[in-house]
Amino acid sequence: MKLIGSTTSPYVRKVRVVLAEKKLEYSFEQTNPWAPAPELLQHNPLGKVPCLILAKPAMSLYDSRVIVEYLDTLSPVCRLIPATGRDRLAVKIWEALTDGILEAGILARLEQSWDGREPPQRSQAWVDRQLDKVQAGLAEMSRMLEDKPFCTGIYFSLADVAAGCTLGWLDFRFPHIDWRSAHPNLAQLYEKLQQRPSFAETQPG
Ligand code: GSF
């Protein structure tokens, strides 16, 4: 398997953490999706990372949710997504929420800094709208976590992978958002996740 991605993308990090937790072999091809290499466009017409290329049968997978769902079926090591029922739903809800926080944060950042847009074309109202979603999402993460050891209970799951990658990306791109003071339970979870080699070895940057 070959993963096309960047070390700054939180969605790519989600996939890399899952690969590490499940102890799956892969090669990592780094690219800048904002100036996409032909290889990326050939495998994903949307020109976005992550994109996972499978050899047999030859196939390209995107986006991160499809990729991690597939990876979890490849090995029984560290099952991350429950097969059925409410437990599965809980993990999926966490992933939708945390991916949604990232989406809003990325839209805010692009509005502020994408070089295809001139300063007069930038809208602070749009940035504020997206950052409100980030704050509301963080509050919901904190409410859902309560005082549990992991997002959905006592077991580490994809929900924790997605939550950790989102919090790490906020630190990386929006260091002024002080989510630790506002939500100490998220800070505690994040510290615990940082101890795992899968997280320690995939710091954004
Ligand atoms: C989001 C991927 C994405 O936005 C997923 O894989 O879960 N829903 C998708 N990737 C960005 C890089 S990043 O900000 O993580 C990307 O590749 N953007 C390039 C573009 O042209 O939009």
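Counting starts at 1 for both ligands and their atoms, following the listed order.
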Which residue and non-hydrogen atom of the protein lie closest to [atom], and at what distance in Å?
atom	value
atom 2 (C) of ligand 1	Val49 O, 3.2 Å
atom 4 (O) of ligand 1	Tyr11 CE1, 3.8 Å
atom 7 (O) of ligand 1	Ser64 OG, 2.6 Å
atom 14 (O) of ligand 1	Ile106 CD1, 3.4 Å
atom 21 (O) of ligand 1	Trp34 CZ3, 3.7 Å
atom 22 (O) of ligand 1	Lys48 CE, 3.4 Å

### Query
How close do Ala104 and Val134 get, heavy atom to heavy atom, and via which atoms?
CB-CG2, 4.1 Å
## Note on the structure
Closest non-hydrogen contact found for Pro45 with Tyr62 is CD-OH, 3.5 Å
### Query
Can you check whether Asp63 has an N/O within less than 3.5 Å of an N/O in ligand 1?
yes
### Gln30 CD: over 12 foreign heavy atoms closer than 6.0 Å
yes
### Heavy-atom neighbours of Arg129 CZ exceed 12 at 6.0 Å
no
### Query
Taking heavy atoms and a distance under 4.0 Å, where does Tyr62 meet ligand 1: side chain, backbone, both or neither?
neither
### Message
Between Ser113 and Arg109 (side chain of the first, backbone of the second, donor and acceptor by atom type, cut-off under 3.5 Å), is there such a pair?
### Response
yes
## Note on the structure
OG1 (Thr152) and CD1 (Ile93) are apart, to the nearest 0.5 Å, by 11.0 Å
### side chain to side chain donor-acceptor pair (under 3.5 Å), paired with Thr202, selected from Arg13, Lys14, Arg16
Arg13
### Query
Numbering the atoms of ligand 1 from 1, which are under 4.0 Å from a heavy atom of Ser9?
13 (S), 15 (O)
### Query
Which of the atoms in ligand 1, numbered in the order shown and given with their element, are less than 4.0 Å from a heavy-atom of Pro10?
15 (O)
